[in-house]
Amino acid sequence: MIDKRVASMAEAMAGIRDGSVVLLGGFGDVGQPDALIEGLIAQGASNLTVVANNAGRGRTGLARLMELGRVRRIVCSFPRSRGSVVFEELYSAGRIELEIVPQGTLAERIRAAGAGVAAFFTPTAVGTRLAENKEQRSFNGRHYVLEHALPGDVALIEAWRADRFGNLTYRESARNFNPVMAMAARLTIVQAQHLVELGTLDPEAIVTPGIFVSRVLHVPYAQAKE
Amino acid sequence: MIDKRVASMAEAMAGIRDGSVVLLGGFGDVGQPDALIEGLIAQGASNLTVVANNAGRGRTGLARLMELGRVRRIVCSFPRSRGSVVFEELYSAGRIELEIVPQGTLAERIRAAGAGVAAFFTPTAVGTRLAENKEQRSFNGRHYVLEHALPGDVALIEAWRADRFGNLTYRESARNFNPVMAMAARLTIVQAQHLVELGTLDPEAIVTPGIFVSRVLHVPYAQAKE
Amino acid sequence: MPDTRTAPAGLSRSAIACRIAEDIPEGWYVNLGIGIPTLVADYVPPEREVVFHSENGVLGIGPAPSPDSVDPWLINAGKEPVTLRAGGAFVHHADSFAIIRGGHLDLCVLGAFEVAENGDLANWTTGRNDAAAAVGGAMDLAAGAKRLWVAMEHTTKEGAPRLVSRCSFPLTAPACVLRVYTNLAVIDVTPEGFLLLETAPGVSFEAVQERTATRLHRPQTAGSR
Amino acid sequence: MPDTRTAPAGLSRSAIACRIAEDIPEGWYVNLGIGIPTLVADYVPPEREVVFHSENGVLGIGPAPSPDSVDPWLINAGKEPVTLRAGGAFVHHADSFAIIRGGHLDLCVLGAFEVAENGDLANWTTGRNDAAAAVGGAMDLAAGAKRLWVAMEHTTKEGAPRLVSRCSFPLTAPACVLRVYTNLAVIDVTPEGFLLLETAPGVSFEAVQERTATRLHRPQTAGSR
C-alpha cells in the first residue's frame with residue numbers, strides 16, 4: 001500500500017541534512033507550513049539555504065530559524081517587510097547572504113526545476129540592476145534575461161486536504177508557491193489540515209498529484225496557527 | 001456585464017485571418033474542438049499554420065481542412081498515425097510543410113508563449129536529429145537544447161463547463177493541450193459542452209481562468225460528436 | 001509669477017483613485033499595486049464588471065470583508081484580507097505570474113517614486129546601494145502588463161518633482177509607463193515626452209509644470225490656441 | 001555448434017510483460033509505452049500499488065473498461081479507452097510533461113527498434129530520411145524518466161539483432177536505457193556494455209549471444225565458474 005502519511009514530526013523531518021536548500025511555501029503567513037518550520041527548528045539541520053517569498057517576521061518560525069544562525073542564505077523577492085526584524089539584524093551584521101529575485105522569476109525558476117527546464121529567457125528585470133551581469137538576448141526585438149532553474153533538496157508545503165498518495169488541494173490564496181515548490185524538491189514534506197480517504201479528492205480538482213509528494217503529516221488548523 | 005458567450009458559429013469565428021497560426025486542442029479525438037474546426041472550414045481562412053498533437057485522420061475535421069488546401073504548415077508531434085491519409089497524401093505531394101516537435105517540447109513551447117517566456121533549455125531531443133542545427137548548452141554537466149515559445153493567433157479549445165467570464169473546466173483526459181493552448185493565443189475560442197451560471201464553478205477547481213478566454217460557444221455533446 | 005512655495009492641494013489620494021477608476025472600462029483584467037492603486041477598486045461601480053488580479057494567485061478580488069467575516073486564507077498581494085467575487089478563481093504562483101508576464105493583464109496600476117519622460121519607472125528602492133531592497137512582483141508587473149499606469153503624489157513631501165527627465169533611483173523597468181495620475185494632473189507618456197491631458201480643479205498648467213522636472217507638452221488642440 | 005537458423009522461441013509478448021511486472025515494486029510511478037509495455041500493467045497484481053502515468057495527463061490509469069462501460073473522454077497515450085483508479089488525477093499536457101522531463105517518473109518502459117551497448121535508444125523511426133516520422137512523447141520520456149527499460153523481441157522478424165554496438169536508426173535519446181527485456185533474456189546496460197542477467201527457460205547464453213550483434217558480458221559470479 002502506498003502510504004505517505006507519517007505519524008510524527010520527527011518522522012516528517014528525518015534525513016534533512018546540513019547545507020540543504022529548503023523551499024518554504026507561503027506568501028506572508030498564508031499557506032506557510034508553520035508546523036513544519038517548527039519541526040525543522042527542532043530537527044537541527046543548519047547551514048541552510050532558504051527559498052521563500054518573504055524573509056520571516058517577528059521572532060518565530062522562519063525568523064526564529066534565522067535567529068538561531070541556521071540559515072546561511074536566503075533567496076526571496078520581498079525580504080524587507082513589516083516585522084522582518086531578525087532578517088534586518090542579521091543582514092546588517094553581514095551574518096546572512098541574500099539573493100533578491102523578482103517574484104515571478106522566483107516562481108518560474110522553481111517551476112523550471114520541477115519541470116526539467118534548465119534555464120529560460122524572461123523579460124522581467126531587463127534594464128534593471130537585478131539583471132546586471134546576467135546573460136541577455138533579444139527575441140523578436142524584445143530583450144530578455146537568462147534565468148536558471150532553482151531546485152530544492154527539501155520543500156516544506158502547507159496543504160488543505162491530502163490523501164495517502166500525497167494528492168493535495170489547497171485553500172484559497174494559501175495555494176501560492178506551494179504547488180510549484182512541491183514539484184521542485186527531492187524531498188517534499190507536506191503539512192495537511194485534513195487527511196481524507198483515498199478516492200475522495202476529485203481527480204479533476206487535485207492541484208498537486210501525489211507523484212510530487214514524499215511525506216504527509218496531519219496538522220489540524222488550531223495546531224498550525226497556535 | 002462581461003459576457004464572452006457568442007450565439008452563433010459565425011460570431012465565434014469572426015476575424016480569423018488568412019495566414020493565422022491556429023492552436024488546436026485535443027489528443028487524438030479526445031478534447032478536440034470538432035465543432036469549431038467545422039466552423040473554421042466554413043469560415044474560409046486559408047494559408048494557415050496549424051499547431052496540434054496529431055495531423056488529423058479520416059476525411060473530416062482537421063483532415064478536411066488540410067484536404068481543402070487551407071493549411072500551409074503543420075506543427076505536431078505525431079503526424080503519422082492510423083488514418084492520417086490526407087496528411088500522408090499532401091506531405092508526399094509536397095503540398096504541406098511539417099515541423100515535428102517532441103510532444104513535451106510542443107506543450108512547453110506553447111506554455112512558454114502563454115507565460116511570456118521567450119525560450120528555454122530542455123534536455124529532450126539532445127543527441128537526436130531533432131536537435132540538429134539548434135543551439136545547445138551544458139548546465140551542471142548535462143546537455144540541453146534551446147527551444148522557442150510557440151504563440152498562436154487563434155486557439156480553438158474544447159471544454160466541459162464554461163461560464164460567461166470564460167472560466168473553464170475540462171473532462172478527464174480531454175484536458176490535454178487545451179489549457180496551455182488557451183493561454184497562448186491572442187484570440188481564444190472555446191466550444192463548451194455546458195454553459196453554467198457565473199459562480200457555480202468552484203474557484204478552487206477552475207482549470208482555465210477566463211482571463212485567457214475570448215469567446216465561448218455552447219456546443220452540446222451530441223452536436224460535437226455527431 | 002505664481003507662488004511656487006505654496007503647493008496647490010489638488011486631489012486627495014482617494015480622489016486620485018476615483019479619477020483612475022473612471023478610466024477603467026468594463027471587462028478589463030486589472031492588477032492594483034499597494035498604496036493609492038489599491039483604493040481604485042472601491043471606486044469602480046459594482047455594476048461595471050472589472051476583474052481584479054493579485055500576484056498571490058487570486059482572480060476576481062472583491063471588496064474588503066467586514067471585520068467579523070475575515071477569512072484568514074484569502075488575502076491580496078498587500079497581505080490584507082479580501083473577498084472573492086462570483087466568477088473568481090485561484091491559481092498557483094507560477095500561473096499567476098504567467099498571467100502577468102504573458103501579457104494577459106489589460107492594466108496594472110502601480111505607485112512610484114519617479115517616472116521619467118521616456119516611461120522609465122522607479123518604484124522599488126530609493127537606494128542604489130540597498131542590496132536588501134524588496135522587489136516583490138513590481139518588475140514582473142512593469143514588464144508584463146499590457147498597460148501600466150502610475151498613481152502617485154506629484155512631488156515628494158519635500159516638494160521635489162517625481163516626474164523627471166531621467167530617474168535618479170534604480171529602475172523597476174525601462175520605458176513601461178503609459179500614463180501618470182497625480183494629485184495635480186493626468187499625464188500621458190508619449191514619444192515626445194510628458195503630455196498633460198488634464199489638471200485637477202483649480203490647478204493651472206503652469207503650476208503643474210513648475211512641479212515637474214522636465215518639459216510638459218500640451219495637447220495639439222491646446223497648442224493652437 | 002548450436003543451430004542458429006532455428007530461433008529459440010523464448011517468452012511470448014505477454015510473458016515478457018509479466019517478467020517486467022515482477023521487477024516493479026510497490027509505490028513506483030510508471031509510464032508504459034505502446035506495444036509490449038502496455039501489457040505490463042495487467043501483470044502487476046492489484047494489491048501491489050503502482051501508479052501508471054500517461055502522457056495525455058492521466059495519473060493512476062487502471063485496467064481497460066468492459067466494452068459496455070467505455071468512457072470516451074478517458075484514454076491513454078495509445079488512444080485506447082482506460083479507467084481511473086482511486087487516487088488518480090488529471091493534469092494538462094505541460095504539467096504531464098513536467099512530470100516526465102522533471103525526473104518524477106520512477107520508470108518508463110518503452111519498445112525499441114534497437115538498443116546500443118552504451119544505452120542509446122532508437123525507437124521512433126527506421127528511416128534517416130523520413131522527415132515525417134512521428135515522435136510523440138518518446139524523446140521526452142527517454143530523456144526524462146529516472147529509469148528507462150526497454151521491452152522488445154530480441155531480433156527482427158528477419159532474425160537481425162536489435163541489441164547492437166551502435167544504433168543504425170536515428171536515436172530517440174543517447175545513453176538512456178538501463179535494462180532490456182526480450183523474449184530471450186534480461187540484459188542490463190552497464191559501463192562495460194551489455195550484461196546478461198538471465199535467460200528465458202530453455203535458452204542458453206550462447207543462443208542469446210548469437211542473436212546479439214555485440215558482446216554480452218556475464219555476471220562476475222558466472223564468470224568465475
Side-chain angles (χ1 to χ4, degrees), chain B residues 25 27-31 53-55 76-82 84 87-88 91-92 96 98 100-112 114-115 122-131 142-144 160 170-183 207-208 221 225, chain D residues 34 54-59 61 71-84 88-103 120-122 124-125 127-144 167 169-176:
Chain B
F27 182 84
D29 296 340
V30 176
N53 191 61
N54 305 98
C76 69
S77 87
F78 210 80
R80 189 164 284 175
S81 46
R82 245 174 314 172
S84 62
F87 167 77
E88 299 274 353
Y91 187 75
S92 302
I96 194 164
L98 172 70
I100 297 277
V101 183
Q103 199 170 129
T105 301
L106 185 63
E108 190 69 9
R109 288 179 61 193
I110 297 165
R111 180 200 175 268
T122 174
T124 299
V126 167
T128 78
R129 77 176 198 216
L130 294 189
R142 194 169 180 204
H143 296 286
Y144 293 81
W160 188 244
Y170 303 89
R171 181 166 168 177
E172 298 174 328
S173 68
R175 187 181 299 201
N176 57 61
F177 279 94
N178 284 299
V180 276
M181 288 181 168
M183 294 169 68
V207 176
T208 295
Y221 178 79
K225 292 285 178 193
Chain D
I34 293 169
S54 185
E55 293 94 300
N56 56 327
V58 190
L59 272 160
I61 283 183
D71 175 349
W73 303 86
L74 183 48
I75 62 170
N76 63 15
K79 298 178 181 118
E80 303 157 326
V82 293
T83 52
L84 191 78
F90 298 107
V91 297
H92 63 53
H93 242 84
D95 281 349
S96 182
F97 280 83
I99 287 172
I100 293 170
R101 199 188 308 103
D120 285 0
L121 171 68
W124 70 290
T125 175
R128 171 144 281 276
N129 299 316
D130 179 9
V135 68
M139 287 186 181
D140 307 279
L141 286 161
C167 291
F169 297 138
L171 294 192
T172 306
C176 57

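In what follows, chains carry the letters A, B, and so on, assigned in the order in which the sequence lines appear, proteins first and then strands, with residues in each chain numbered from 1. Since we're looking at a predicted model, the values are computed, not measured.
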**Asked** Looking at D/Ala98, D/Ala132, D/Ala89, which one has more heavy-atom pairs under 4.5 Å with chain B than the rest?
**Response** D/Ala132

**Asked** Picking from B/Arg80, B/Arg111, B/Glu108, B/Arg129, which has the most non-hydrogen pairs under 4.5 angstrom with chain D?
**Response** B/Arg129

**Prompt:** Looking at D/Ala77, D/Ser54, D/Ala142, which has the largest count of heavy-atom pairs under 4.5 Å with chain B?
**Reply:** D/Ala77

**Message:** Report which part of B/Arg171 has an atom under 4.5 Å of a heavy atom belonging to chain D: side chain, backbone, both, or neither.
**Reply:** both

**Fill in**
Assert top hit (heavy-atom pairs under 4.5 Å, partner chain B, pool D/Ala133, D/Ala138, D/Gly136) equals D/Gly136

**Request:** Taking all non-hydrogen atoms of both residues into account, name the closest pair between D/Leu171 and D/Met139 and its distance.
**Result:** O-CE, 3.9 Å

**Message:** Less than 4.5 Å to any heavy atom of chain B: does that hold for the side chain of D/Asp120, its backbone, both, or neither?
**Reply:** neither

**Prompt:** Can you say whether B/Thr105 sits under 4.5 Å from chain D via the side chain, the backbone, both, or neither, judging by heavy atoms?
**Reply:** both

**Prompt:** Looking at D/Ser96, D/Gly137, D/Ala122, which makes the most heavy-atom pairs under 4.5 Å with chain B?
**Reply:** D/Gly137

**Message:** So, taking the atom named OG in B/Ser77 and the one named CD in D/Glu55, what distance separates them when rounded to the nearest 0.5 Å?
**Reply:** 9.0 Å

**Portion of D/Pro72 that has a non-hydrogen atom of chain B nearer than 4.5 angstrom** = both

**Message:** Heavy-atom pairs under 4.5 Å with chain B: which of D/Gly57, D/Ala94, D/Gly88 has the most?
**Reply:** D/Ala94

**Interface moiety of D/Ile75 toward chain B, non-hydrogen atoms closer than 4.5 Å** = both

**Complete:** Residue set satisfying ring-ring contact (aromatic ring centres under 6.0 Å, His included) with B/Phe87, at least two apart, ordered chain then number -> B/Tyr91

**Complete:** One should read off an interatomic distance between D/Ile61 CD1 and D/Glu80 CD, to the nearest 0.5 angstrom, of 9.5 Å

**Request:** Starting at CD of B/Glu172, measure out to OG1 of D/Thr83 and round the result to the nearest 0.5 Å.
**Result:** 10.5 Å

**Complete:** If one checks every heavy atom of D/Val91 against chain B at 4.5 Å, the contacting part turns out to be backbone

**Message:** Taking every non-hydrogen pair under 4.5 Å, which of B/Pro179, B/Ser173, B/Ala107, B/Pro102 racks up the most with chain D?
**Reply:** B/Ser173

**Request:** Go through the atoms of B/Asn54 and report whether side chain, backbone, both or neither lie under 4.5 Å from a heavy atom of chain D.
**Result:** side chain

**Prompt:** Does the side chain of D/Ile99 reach to within under 4.5 Å of the side chain of D/Leu59, using non-hydrogen atoms?
**Reply:** yes

**Prompt:** Which residue out of B/Val101, B/Leu130, B/Val180, B/Leu106 racks up the most heavy-atom pairs below 4.5 Å with chain D?
**Reply:** B/Leu130

**Request:** For B/Tyr170, check ring-ring contact (aromatic ring centres under 6.0 Å, His included) against everything at least two apart and list the hits.
**Result:** none

**Fill in**
Of the listed D/Val135, D/Thr125, D/Leu141, D/Thr172, the one with the largest count of heavy-atom pairs under 4.5 Å with chain B is D/Val135

**Prompt:** Distance from B/Gln103 atom CD to B/Phe78 atom CZ, nearest 0.5 Å?
**Reply:** 9.0 Å

**Message:** I need the B/Phe177 CZ to B/Ile110 CD1 distance, nearest 0.5 Å.
**Reply:** 5.5 Å

**Request:** Would you give the length of the straight line joining atom CZ of B/Phe27 to atom CG of D/Asn56, rounded to the nearest 0.5 angstrom?
**Result:** 4.5 Å

